[in-house]
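Notes follow once the structure below has been shown.
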Amino acid sequence: QKEVEQNSGPLSVPEGAIASLNCTYSDRGSQSFFWYRQYSGKSPELIMSIYSNGDKEDGRFTAQLNKASQYVSLLIRDSQPSDSATYLCAGLVYAGNMLTFGGGTRLMVKP
Amino acid sequence: DGGITQSPKYLFRKEGQNVTLSCEQNLNHDAMYWYRQDPGQGLRLIYYSQIVNDFQKGDIAEGYSVSREKKESFPLTVTSAQKNPTAFYLCASSIQGIIPHNEQFFGPGTRLTVL
């Protein structure tokens, strides 16, 4: 049973809009979360990490964590066609020092 | 340049052959990981190693073997016992220890195809 769930998409948004990507997790021991971007045929690239409840902003990206509701989200403002990729959510349980990945959400930003 | 390298980029294997995928890092990271990714899927953990000369099985270790003789290197062997090895293989590394970040960084990957 997957412990990190994502909607596979595709999520389609127009250029300049806000893209909202969501992730839920079942293991309450998960304490840190990571968003990776993966272009087709390439390896994942880390874009955000978050481990405290609330929002964390970095440029056009905002990660949100709600441990009580067990969800993580990634907002991409002013979406660009170059943001079109698959976004992977991953949770880390400290004790095992291992990441559990969701299946990824494919984002398509249309010009 | 610091980073993680994987070789080869593409690998073709015949039925019944063992093949070894290379992973090297010069980030001075203690922990290294091997993942498998199938089309349209997330990443599944094959093996991981937190220190030299020690490694543990992940979720899908059957048909795979690893070694960790040096801190910088964590090769993965795909044996003939792995029934469906065609996939994208990703190596990653991270700083060890109970710290909030513990981000894992990935190499460019090896795409293995069974002929």
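A quick note: this is a predicted structure, and the numbers were derived from the prediction, not measured. Residue numbering restarts at 1 for every chain, and letters A, B, ... go by the order of the sequence lines.
Using a 4.5 Å cut-off between heavy atoms, B:Gln37 touches chain A through its side chain atoms alone. Only the side chain of A:Gln38 has a heavy atom closer than 4.5 Å to any heavy atom of chain B. Of the two parts of B:Arg111, only the side chain, counted from C-beta on, holds a non-hydrogen atom closer than 4.5 Å to a non-hydrogen atom of chain A.
The salt bridge (Lys or Arg N to Asp or Glu O under 4.0 Å) check on B:Glu62 picks up nothing, with sequence neighbours excluded. Judged as a salt bridge (Lys or Arg N to Asp or Glu O under 4.0 Å), and not counting sequence neighbours, the contacts of A:Arg60 are A:Asp83.
Note: B:Tyr35 OH to A:Leu99 CG = 4.5 Å, rounded to the nearest 0.5 Å. Taken from CG in B:Asp59 to OG1 in A:Thr100, the straight-line distance is 7.0 Å, to the nearest 0.5 Å. Rounding to the nearest 0.5 Å places CG of A:Leu88 at 11.0 Å from CD of B:Gln41. Atoms CZ and CZ, on A:Phe101 and B:Arg44 in that order, are 13.5 Å from each other to the nearest 0.5 Å. To the nearest 0.5 Å, the span separating CG on A:Leu92 from CD on B:Gln104 amounts to 7.5 Å.
Tracing side-chain contacts under 4.5 Å through hydrophobic residues (I, L, V, M, F, W, Y), one never reaches A:Leu11 starting from A:Tyr71; they form parts of separate clusters. No path of Ile, Leu, Val, Met, Phe, Trp and Tyr side chains, each step under 4.5 Å between heavy atoms, connects B:Tyr89 with B:Phe105, placing them in separate hydrophobic clusters. The hydrophobic cluster containing B:Leu27 also contains B:Tyr48, counting ILVMFWY residues as joined when their side-chain heavy atoms lie under 4.5 angstrom apart, directly or transitively. In terms of hydrophobic clustering, with Ile, Leu, Val, Met, Phe, Trp and Tyr side chains grouped at heavy-atom distances under 4.5 Å, A:Tyr36 and A:Leu75 are assigned to different clusters. Criterion: ILVMFWY side-chain heavy atoms under 4.5 Å apart, direct or through other members. Under it, B:Tyr47 and B:Val19 are part of a common hydrophobic cluster.
Around CZ of A:Arg106, the count of heavy atoms belonging to other residues, nucleotides or ligands within 6.0 Å does not exceed 12.
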Let me see the working for B:Phe106 and A:Glu45 under side-chain contact (heavy atoms from CB on, under 4.5 Å), right down to the final yes or no. CA-CA 7 Å; B:Phe106 286 85; A:Glu45 172 193 9; over 6 Å; no

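Among A:Ser43, A:Gly41, A:Ser8, A:Cys89, the residue making the largest number of heavy-atom pairs under 4.5 Å with chain B is A:Ser43. Of the residues considered (A:Gly104, A:Pro44, A:Ala90), A:Pro44 shows the highest number of contacts with chain B, using heavy-atom pairs under 4.5 Å. When the candidates A:Leu46, A:Thr86, A:Ile50 are compared by the number of heavy-atom contacts under 4.5 Å with chain B, A:Leu46 comes out ahead.
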